Peer 1: 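Starting off with a structure, shown below.
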Number of protein chains: 2
Amino acid sequence: MITIYDVAAKASVSAMTVSRVINNTGKISEKTKTKVMRVMEELGYVPNQTARSLVLQQTKLLFLLITDIMNPFYTTLARGAEDAAKRSGYRLLFGNSDESIEKEADYITTILTTRVDGVLVAPAGDPSLPHLESLRKHKVPFVLLDREVPGIECDIVLGDSKEGARMLVEHLVAHGHRSIAMVNGSSSISSARLRMQGYQEGMKLNDLNVDNRYVFETSFGTMTDLSEMEQWIGHMDPPPTAMIAGNNVLAVEAMKLLRDRGIRVPEDMSIVCFDDLGPYSELDPFLTVAAQQAYQFGYMGMQMLIERIQERETTVPWKKIVLPADLMIRRSVKDIRKHS
Amino acid sequence: MITIYDVAAKASVSAMTVSRVINNTGKISEKTKTKVMRVMEELGYVPNQTARSLVLQQTKLLFLLITDIMNPFYTTLARGAEDAAKRSGYRLLFGNSDESIEKEADYITTILTTRVDGVLVAPAGDPSLPHLESLRKHKVPFVLLDREVPGIECDIVLGDSKEGARMLVEHLVAHGHRSIAMVNGSSSISSARLRMQGYQEGMKLNDLNVDNRYVFETSFGTMTDLSEMEQWIGHMDPPPTAMIAGNNVLAVEAMKLLRDRGIRVPEDMSIVCFDDLGPYSELDPFLTVAAQQAYQFGYMGMQMLIERIQERETTVPWKKIVLPADLMIRRSVKDIRKHS
DNA sequence: TAATTTAATGTTATCGATAACATTATTATA
DNA sequence: TATAATAATGTTATCGATAACATTAAATTA
């Protein structure tokens with residue numbers, strides 16, 4: 001491997017001079033600069049980031065930990081994070097916890113040993129607390145995405161889950177629905193809890209009662225076992241006229257199960273959900289969704305992280321950004337009002 | 001930051017002894033081992049991977065470079081690669097070139113400076129050649145995914161693009177279609193070229209002629225400008241009865257454009273494509289596809305890469321794995337045969 | 001021209017770990 | 001008990017870069 005010393009020797013200068021040329025620091029004469037650059041070119045020299053990181057005590061690496069790489073919400077978010085990282089000269093490492101606390105634990109270890117400069121993390125849920133405490137203890141700056149974790153204070157980018165869910169209820173009610181079910185992710189996840197609250201509040205505001213048999217809790221993740229959900233969908237009697245899904249994955253899965261039973265969307269059942277489907281929003285039944293600004297989650301989160309890293313002051317208060325959800329009305333809700 | 005020396009001091013041993021405990025090498029007495037482990041625990045010591053990488057001359061980091069993080073083919077592939085990497089104790093860095101040679105160049109620089117142990121790369125196209133030559137020159141082992149690059153010999157995992165395309169033609173012909181269009185990715189990408197060849201051969205085998213007005217070339221990537229494609233779709237006269245898309249993204253985009261013009265799938269136009277839609281294959285129009293084994297691409301590619309890294313012999317010949325495409329017949333093709 | 005800046009380059013120590021060799025402690029054998 | 005063998009631990013050099021300080025060369029000023 002070509003090192004800075006090989007370059008130095010061939011250019012008949014010291015390693016330090018080469019270093020100065022590379023980093024454009026200090027004073028170097030035009031002549032030696034040109035000579036060194038030519039030699040670097042000739043030898044195909046590439047600086048060793050590992051050695052650099054060791055002495056500089058920074059890796060210029062950031063880490064993005066998401067919970068479901070198959071979910072367009074997170075891939076879009078990843079694009080945003082990537083763009084923001086690149087703009088500031090950081091490179092991005094990346095991991096996928098699959099909504100599992102155990103896999104998340106592995107990644108936390110990786111993060112600590114890799115000495116990344118900072119972490120963007122969508123936590124698997126409330127049990128992520130010890131992981132975050134571990135990051136805090138080792139002074140690794142981090143920003144949470146999408147989910148709060150009780151017990152930890154930090155920078156965070158959130159969606160307005162409660163208001164979004166209320167909005168979805170209102171939309172259904174406005175189209176005449178009064179019997180509305182809810183499939184949601186685990187209640188150990190803050191966004192799921194808030195969506196549930198928004199659903200309940202929305203129902204109450206419209207004098208509708210929340211029937212627990214119409215509420216089902218499972219996992220937000222792709223590739224989850226669907227048998228229990230299938231049971232639930234088949235056993236609601238009488239069936240609701242509409243359903244809210246806690247995220248896009250659940251909506252698509254619910255739809256699949258409904259179709260298996262010969263129930264059509266939206267003719268026999270209306271469905272709305274949180275999060276858009278990315279490029280697949282164009283596929284029938286054209287889901288009506290409370291779209292979250294996935295790209296912004298990643299981009300703004302990354303900006304906050306980088307600011308925090310570059311911050312010398314440790315006294316700056318934690319920042320919290322709440323992004324509104326945007327109702328995209330498409331075609332998965334049937335109007336069942338009795339028109340006058 | 002807690003270093004190995006802090007641990008050594010507190011445990012009243014040398015750094016080397018601590019190192020031996022960490023790596024479980026050499027001989028250490030039970031007593032000191034326990035003591036050192038307790039001290040590490042107490043101090044919350046985590047080894048510095050950067051320092052370790054510098055002396056060991058390996059990072060235990062691998063890099064996966066894909067061309068479209070929004071495409072379920074690549075996210076599924078990424079899952080496979082991640083699983084295989086983890087099984088062998090490697091961590092995975094990740095980048096998204098967005099089908100752009102320029103962004104790819106940036107990532108190549110990152111890869112070289114980061115001194116990763118190996119790279120899995122889905123090249124942006126034939127112009128990726130210098131990037132691969134650069135990896136080769138710096139002795140970074142790599143495995144190509146999905147696309148060949150003329151001029152470079154290496155390990156590679158491919159899909160059987162030509163046969164897959166022929167299969168799609170056959171399927172359409174079997175349903176009475178004789179006027180079949182093709183939207184494809186750039187011909188500077190080997191898989192796109194082979195799919196085009198498969199299409200042409202399939203047509204000839206059925207005594208159908210390939211009308212160039214029915215063939216359109218654009219980019220495989222999500223978020224590409226669609227105006228030219230829109231033009232093309234609107235100007236085919238007479239319109240074909242069926243269309244083959246070079247990948248899933250193009251199929252979805254084509255469908256969107258068709259719908260904008262009031263053309264229904266499959267009633268007015270049949271569509272088939274390469275690559276499945278992941279979780280979104282359940283959304284109408286239930287695309288009939290030549291599904292590639294995306295997860296296997298990632299998993300097997302990663303295995304080949306790791307074998308190559310651990311290989312001491314440099315004489316082992318390059319390996320080439322060709323995975324067959326699997327025809328998933330769903331509902332996007334209309335049967336237009338005149339039944340007897 | 002000598003003295004003083006300032007520009008240009010070099011030397012040494014360091015980051016945190018481990019390899020290779022060195023030493024000391026312990027046990028087994030003669 | 002002396003000696004060899006082995007177990008346990010320690011010391012030093014090294015990976016490739018850069019910071020901090022040191023030195024030399026060139027330019028400026030008195």
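Letters A, B, ... are given to chains in the order of the sequence lines, protein chains preceding strands, and every chain is numbered from 1. Here the structure is a predicted model, which means the values were calculated and not measured.
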Peer 1: Hey, which of these two, A:R20 or A:I2, hits DNA chain D nearer its 5' end, going by closest nucleotide?
Peer 2: A:I2

Peer 1: For atom CD of A:E153, decide whether the heavy atoms of other residues, nucleotides or ligands shown that lie under 6.0 angstrom number more than 12.
Peer 2: no

Peer 1: Can you tell me how far apart CD1 (A:I111) and CG (A:L62) are? Round to the nearest 0.5 Å.
Peer 2: 11.0 Å

Peer 1: Check whether the side chains of A:R87 and A:Y299 place a donor and an acceptor atom closer than 3.5 Å, and report yes or no.
Peer 2: yes

Peer 1: Any sub-3.5 Å donor-acceptor pair from A:E82's side-chain atoms to B:N96's backbone N or O?
Peer 2: yes

Peer 1: Taking the side chain from A:R147 and the backbone from A:S190, do they hold a donor-acceptor pair closer than 3.5 Å?
Peer 2: no

Peer 1: Taking any heavy-atom pair under 4.0 Å as a contact, classify A:S14: base, sugar-phosphate, or nothing.
Peer 2: base

Peer 1: Decide yes or no for B:C154 and B:R136: does some side-chain heavy atom of the first lie under 4.5 Å from some side-chain heavy atom of the second?
Peer 2: yes

Peer 1: Can a donor-acceptor pair be found between the side chains of B:T67 and B:E99 at a distance below 3.5 Å?
Peer 2: yes

Peer 1: Could you check B:K33 against B:Y5 and say which one's nearest nucleotide on DNA chain D is further toward the 5' end?
Peer 2: B:K33

Peer 1: When the C1' atoms of the five terminal pairs at each end define the local axes, what inter-axis angle does the helix from C:dT1-D:dA30 to C:dA30-D:dT1 show, to 10 degrees?
Peer 2: 50°

Peer 1: Please list, by residue number, the residues of residues 40-57 of chain A whose heavy atoms come closer than 4.0 Å to an atom of DNA chain C; answer none if no residue qualifies.
Peer 2: A:L54, A:V55, A:Q57

Peer 1: Can you tell me which residue among A:D98, A:D68, A:N71 is in a side chain to side chain donor-acceptor pair (under 3.5 Å) with A:T222?
Peer 2: A:D68

Peer 1: So that I know where these two stand, are B:Y74 and B:F297 an aromatic pair - ring centroids less than 6.0 Å apart?
Peer 2: no

Peer 1: More 5' along DNA chain C: B:S19 or A:T32, using each one's nearest nucleotide?
Peer 2: A:T32

Peer 1: Going 5' to 3' along DNA chain C, between which two nucleotides do contacts with chain A fall, using a heavy-atom cut-off of 4.0 Å?
Peer 2: C:dA7 to C:dG16

Peer 1: Could you state the interatomic distance from OG1 (A:T32) to NZ (A:K27), rounded to the nearest 0.5 Å?
Peer 2: 13.5 Å

